[in-house]
Amino acid sequence: MKDKDLKTSTTSSWKGYNLDELRYARMIALTRIEIERSKLYDAAESTRESLPIVGSSSISSVFRSISKLEYAIIAFKLFRKLSPLFKKKK
C-alpha cells in the first residue's frame, strides 16, 4: 500500500515547458539584463561627469576644480609621508 502511494506522489502531470514558453522566458531575462546594463551605464556616466579628475580632458581643468582646502589636505598628507625621510638620525 505504501509503494502505491509513493508512486502517485512522485509522478506529476507537468510535462515541462514548450519551445514558445522557453523563448519567452529567455526574452524576459535578456530584457532585464539589458535594462540593468543601461542603468549601470547611466550611473557610471553621471559619476564620471561629476568627478573633475576622471571626466577632465586636461590637467588645467583638474587644477581649476580643486579648492584651496583640498590643496591644503594634499599638502598635509604629502608632508606626513615625506617628513620621516628628512628627520635627523641620532
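Side chains included, hydrogens not; waters and symmetry mates left out as well; all remaining heavy atoms used.
- Applying the ring-ring contact (aromatic ring centres under 6.0 Å, His included) test to pairs two or more places apart or on separate chains, those with a residue in residues 13-46 are Trp14-Tyr17.
- Partners of Ser38 under the side chain to side chain contact (heavy atoms under 4.5 Å, CB included) rule, at least two apart in sequence or in another chain, are Asp42.
- Looking only at side-chain heavy atoms (C-beta outward), Ile35 and Lys39 come within less than 4.5 Å of each other.
- A search for salt bridge (Lys or Arg N to Asp or Glu O under 4.0 Å) contacts involving Glu34 returns Arg37, not counting sequence neighbours.
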Sequence neighbours left out, cut at 3.5 Å: what donor-acceptor pairs do the side chains of residues 76-83 make with other protein atoms?
unit_1 : atom_1 : unit_2 : atom_2 : d
Ser83  : OG     : Phe79  : O      : 3.1

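- For residues 14-25, no pair satisfies salt bridge (charged side-chain N to carboxylate O under 4.0 Å, His left out), with sequence neighbours left out.
- Through side-chain heavy atoms spaced under 4.5 Å, either directly or across other Ile, Leu, Val, Met, Phe, Trp or Tyr residues, Leu40 is tied to no other residue.
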